[in-house]
Amino acid sequence: MILYKRYMLHAARRLEKLNKEHPCRELHGHTFYITLTVKSPLSPANDFVIDYFELDKVFNQLIMTKADHKYLNDVMDTNNPSNELFAIWIWNRLYSSLPGLYKVEVGESDSTGVIYMGDENE
C-alpha cells in the first residue's frame, strides 16, 4: 500500500548557476510543497503503512528544523540549491529513518515540481 503526506515550508535561495539575467539567480524565497510517499505492507499492529504522527516527528526533526525559514544555499552547502537537489537532500536525510520511503516530491507552485525516488530510479 502507498501512503503520502504533504508538507509546506518556506525558504530562500539563490541559483547561482543560472545566467546573470535570470531572476532566480538573485536572492528569492518560495513556499515549498514537499510530499513524502511511503510504500509498505500494512502493519498488523495498527493496520497502518506508517502512523502520520511518527511521519511528522521524523520530518520535523530532520527537515523542518534544518530548512524551514532558512537560506538553502547554506543549509545544503551549495551555490545552486535547485528543486532537484533539494529533493535529493531531503531523501538522503530521511531514507535511513523512514522505512519504506518511496518518493520525495518538491514543488514551488501548484504547477511545477520534481519527483525523486532514490539513486536506483534516476
Side-chain angles (χ1 to χ4, degrees):
M1 184 166 289
I2 295 175
L3 170 145
Y4 69 91
K5 180 147 185 196
R6 190 173 194 199
Y7 297 90
M8 181 173 57
L9 65 80
H10 309 281
R13 67 181 178 189
R14 291 183 63 208
L15 300 176
E16 296 178 22
K17 288 187 177 181
L18 297 175
N19 67 52
K20 294 190 186 307
E21 295 79 33
H22 198 292
C24 292
R25 185 176 168 93
E26 299 298 323
L27 178 62
H28 65 287
H30 287 287
T31 298
F32 289 96
Y33 302 97
I34 299 163
T35 303
L36 303 181
T37 303
V38 177
K39 183 176 181 181
S40 175
L42 295 180
S43 167
N46 59 15
D47 296 327
F48 291 165
V49 170
I50 186 172
D51 187 338
Y52 288 114
F53 179 76
E54 293 302 320
L55 185 59
D56 290 347
K57 281 191 340 187
V58 172
F59 184 79
N60 290 334
Q61 178 186 14
L62 299 177
I63 305 303
M64 288 297 279
T65 60
K66 308 288 187 228
D68 189 41
H69 285 83
K70 302 288 192 293
Y71 182 51
L72 294 181
N73 297 58
D74 290 344
V75 169
M76 296 170 54
D77 194 28
T78 180
N79 69 350
N80 202 63
S82 63
N83 290 346
E84 292 85 347
L85 292 181
F86 194 25
I88 293 168
W89 183 87
I90 292 167
W91 176 279
N92 288 340
R93 271 139 198 81
L94 293 177
Y95 187 74
S96 64
S97 299
L98 193 55
L101 182 61
Y102 183 64
K103 68 181 173 179
V104 171
E105 300 178 50
V106 174
E108 60 186 55
S109 73
D110 288 336
S111 62
T112 61
V114 300
I115 298 171
Y116 184 68
M117 299 174 70
D119 289 336
E120 68 275 0
N121 296 305
E122 290 184 303

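Since the structure is predicted, the reported quantities are computational estimates derived from the model, not experimental observations. If you read the sequence from its start, that first residue is 1, and numbering goes on from there.
- The main-chain N or O of Asn19 is never found under 3.5 Å from a side-chain atom of Arg25 such that the two would form a donor-acceptor pair.
- Qualifying ring pair (Phe, Tyr, Trp, His ring centres under 6.0 Å) partners for Tyr33, counting only residues two or more places apart in sequence or in other chains: none.
- A donor-acceptor pair is defined here as one N or O able to donate and one able to accept, closer than 3.5 Å; such a pair exists between the side chain of Asn73 and the backbone of Arg14.
- No more than 12 heavy atoms of other residues, nucleotides or ligands lie within 6.0 Å of CG in Asp77, so this atom counts as exposed by the packing criterion.
- In terms of heavy atoms, Val114 sits closest to Ala87 at CG2-CB, 3.9 Å.
- Between Trp91 and Tyr95, the ring planes lie parallel to each other; the angle is under 30°, not in the 30° to 60° tilted range.
- Interatomic distance, Asn60 CG to Leu55 CG, rounded to the nearest 0.5 Å: 9.0 Å.
- Residue Val38 comes nearest to Pro99 through the heavy atom pair CG1-O, 3.6 Å, listed as atom of the first residue, atom of the second, then distance.
- Under the 4.5 Å side-chain heavy-atom criterion for Ile, Leu, Val, Met, Phe, Trp and Tyr, Tyr71 and Ile34 are members of distinct hydrophobic clusters.
- The only option from Tyr4, Tyr102, Phe59 that meets the side chain to side chain contact (heavy atoms under 4.5 Å, CB included) definition with Leu36 turns out to be Phe59.
- How far CD1 of Ile63 is from CZ of Arg93: 7.0 Å, rounded to the nearest 0.5 Å.
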Apply side-chain contact (heavy atoms from CB on, under 4.5 Å) to His22 and Leu15, showing your working.
CA-CA 9 Å; His22 198 292; Leu15 300 176; over 6 Å; no

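- In this structure, Thr65 and Lys70 approach most closely via the heavy-atom pair O-NZ, 3.7 Å.
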Hey, mind stepping through Leu42 and Val49 against side-chain contact (heavy atoms from CB on, under 4.5 Å) and telling me if it holds?
CA-CA 5 Å; Leu42 295 180; Val49 170; 4.0 Å; yes

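- For Lys17, the NZ atom counts as loosely surrounded, since its 6.0 Å shell holds 12 or fewer non-hydrogen atoms of other residues, nucleotides or ligands.
- Here the side chain of His28 pairs a donor or acceptor atom with the backbone of Arg13 at under 3.5 angstrom.
- Residues Ile2 and Thr37 approach most closely at CG2-CG2, 3.2 Å, considering heavy atoms.
- Side-chain heavy atoms closer than 4.5 Å link hydrophobic residues (I, L, V, M, F, W, Y) into clusters, and following such links, possibly through other members, connects Val58 to Leu3.
- Here the side chain of Asn79 pairs no donor or acceptor atom with the backbone of Glu16 at under 3.5 angstrom.
- Residues Phe48 and Leu98 do not share a hydrophobic cluster, clusters being chains of Ile/Leu/Val/Met/Phe/Trp/Tyr side chains in contact below 4.5 Å.
- The line from OG of Ser43 to CE of Met1 is 12.5 Å long, rounded to the nearest 0.5 Å.
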For side-chain contact (heavy atoms from CB on, under 4.5 Å), just list the numbers for Val75 and Trp89, CA-CA rounded to whole Å, side-chain angles, deciding distance to a tenth of an Å, and then say yes or no.
CA-CA 10 Å; Val75 169; Trp89 183 87; 3.4 Å; yes

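- Closest approach of Ala67 to Leu72, counting heavy atoms only: CB-CD2, 4.1 Å.
- Note: the hydrophobic cluster containing Leu85 also contains Leu101 (ILVMFWY, side chain heavy atoms under 4.5 Å, direct or indirect links).
- Partners of His69 by ring pair (Phe, Tyr, Trp, His ring centres under 6.0 Å), not counting sequence neighbours, listed by chain and number: His10.
- A continuous path of Ile, Leu, Val, Met, Phe, Trp and Tyr side chains, each step under 4.5 Å between heavy atoms, connects Tyr52 with Leu62, placing both in one hydrophobic cluster.
- Taken from OH in Tyr7 to CD1 in Ile90, the straight-line distance is 11.5 Å, to the nearest 0.5 Å.
- To the nearest 0.5 angstrom, Asn83 atom CG is 6.5 Å from Thr112 atom OG1.
- A distance of 15.0 Å separates CE in Met8 from NE2 in His30, rounded to the nearest 0.5 Å.
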